[in-house]
There are 2 protein chains.
Amino acid sequence: MDKQHSQCPVEFTVNMVGGKYKLVILYQLAIHGVRRFNELRRELSNITPRTLTRQLRELESDGLINRQVYSEIPPKVEYSLSETGKSLYSLLLQFEKWGLNYMANNPK
Amino acid sequence: MDKQHSQCPVEFTVNMVGGKYKLVILYQLAIHGVRRFNELRRELSNITPRTLTRQLRELESDGLINRQVYSEIPPKVEYSLSETGKSLYSLLLQFEKWGLNYMANNPK
DNA sequence: CTGTATCCTACTCGATACTG
DNA sequence: CAGTATCGAGTAGGATACAG
């Protein structure tokens, strides 16, 4: 994604949280605080486990989310926003707000 | 893109302004007010005319930008934010702000 | 429950040449 | 100047089965 080579701050942020699911994942984590793998899977209607795993790994390696593994059986893994991820909060709210507003003014 | 079938407002907005260039285009229009085709082309470093055309057409058909054609030779076309597009202003600023901040705290 | 492993499709975007 | 036409490559993401 060439994340480090973007001069434009908007382009940089897009490269960071772009794609079909990342902002929605972050949004769910922002709303709920903590989510488990299968909870996210249900909330992102059609995502496949392979894709969800990849998105979560990328978000983690970019430092936007935390992954907390509990060594139990059955396994339990909790995802949550990191401090950096939380700094996206108002951006996420803008997305929510704009979407709600657009949908309200352009009913299907 | 199934724009009308998103229940989640965040997902809806992502479908609207997602992709590699749309937010950057909107950002340039927000900054400069009015831009011509080749001005945008220069500002979006590596975009091809084909891709730029497609992004602009999609933004136009979604009602986010205006396309003003002047019947002159040589041709002149000006792009600008529509009222709906302008309602993305604070969202665009969040992208700019977050990118600047992240880059400042994570120097290359 | 939380993933991996394979395989595959579809779509986005790039390169390049050309036009009114 | 503002695009269009063709062609092609890369990759995001889907389907499905399986594993620790």
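Each chain gets a letter, A, B and so on, in the order the sequences are listed, and its residues count up from 1. Because the structure is predicted, anything quoted here is derived from the model rather than measured.
- For the pair B:K20 and C:dG14, the criterion of a side-chain N or O lying under 4.0 Å from OP1 or OP2 is met.
- Where A:P75 and A:R54 each meet DNA chain D at their nearest nucleotide, the meeting point lying more 5' is that of A:R54.
- Taken from CZ in B:R54 to OH in B:Y21, the straight-line distance is 11.0 Å, to the nearest 0.5 Å.
- Between A:R57 and C:dT4 there is a side-chain N or O to OP1 or OP2 distance below 4.0 Å.
- One atom, CD1 of B:I47, and another, P of C:dA15, lie 11 Å apart when rounded to the nearest Å.
- Phosphate contact (OP1/OP2 of C:dT12, side-chain N/O of B:Q55, threshold under 4.0 Å): absent.
- Of the candidate nucleotides C:dG14, D:dA2, C:dG3, D:dA2 has the atom lying nearest to any side-chain atom of B:R67.
- Phosphate proximity of D:dG3 to B:Y79: present, with a side-chain N or O under 4.0 Å from OP1 or OP2.
- Taking the six-membered ring wherever Trp is involved, the centroid distance between the rings of A:Y27 and A:F95 does not fall below 6.0 Å.
- At D:dG14, one or more side-chain N or O atoms of A:T51 fall inside 4.0 Å of OP1 or OP2 (strictly under the cut-off).
- Rounded to whole Å, atom P of C:dT16 lies 13 Å from atom CZ of B:R41.
- The interatomic distance linking A:I73 (CD1) with D:dA19 (P) rounds to 17 Å, in whole Å.
- Relative to the side chain of B:P74, the nucleotides D:dG14, C:dG3, D:dC1 differ in distance, and D:dC1 lies closest.
- No contact: B:E39 has no heavy atom under 4.0 Å from any strand.
- Remark: the backbone N or O of B:G99 is paired with a side-chain donor or acceptor of A:T13 at under 3.5 angstrom.
- Atom CG in A:L52 sits about 11 Å away from atom P in C:dT4, given to the nearest Å.
- Side-chain proximity of A:P49 to the nucleotides D:dG14, C:dG3, D:dG3 is greatest for C:dG3.
- Under 4.0 Å is where a charged nitrogen must lie from a carboxylate oxygen, and between B:E39 and B:R35 at least one such pair does.
- For the pair B:L59 CG and C:dT12 P, the interatomic distance rounds to 13 Å; values are reported in whole Å.
- Rounded to whole Å, atom C1' of C:dG20 lies 15 Å from atom CD of B:E72.
- Atoms CZ (A:F37) and P (D:dG20) sit 17 Å apart, rounded to a whole Å.
- Distances shorter than 4.0 Å separate some side-chain N or O of A:Y21 from OP1 or OP2 on D:dG14.
- Here A:R50 does not reach the OP1 or OP2 of C:dT2: none of its side-chain N or O atoms lies under 4.0 Å away.
- At whole-Å resolution of the value, CD1 in A:I25 and C1' in D:dA12 are 13 Å apart.
- Within the 3.5 Å criterion, the main-chain N or O of B:K97 finds no donor-acceptor partner in the side chain of B:N101.
- Listed pair B:R36 / D:dA2 meets the phosphate criterion, a side-chain N or O lying under 4.0 Å from OP1 or OP2.
- Put simply, B:T53 has a side-chain N or O that comes within less than 4.0 Å of OP1 or OP2 on D:dT4.
- Within the model, atoms CG of B:L59 and OG1 of B:T84 stand 12.0 Å from one another, a figure rounded to the nearest 0.5 Å.
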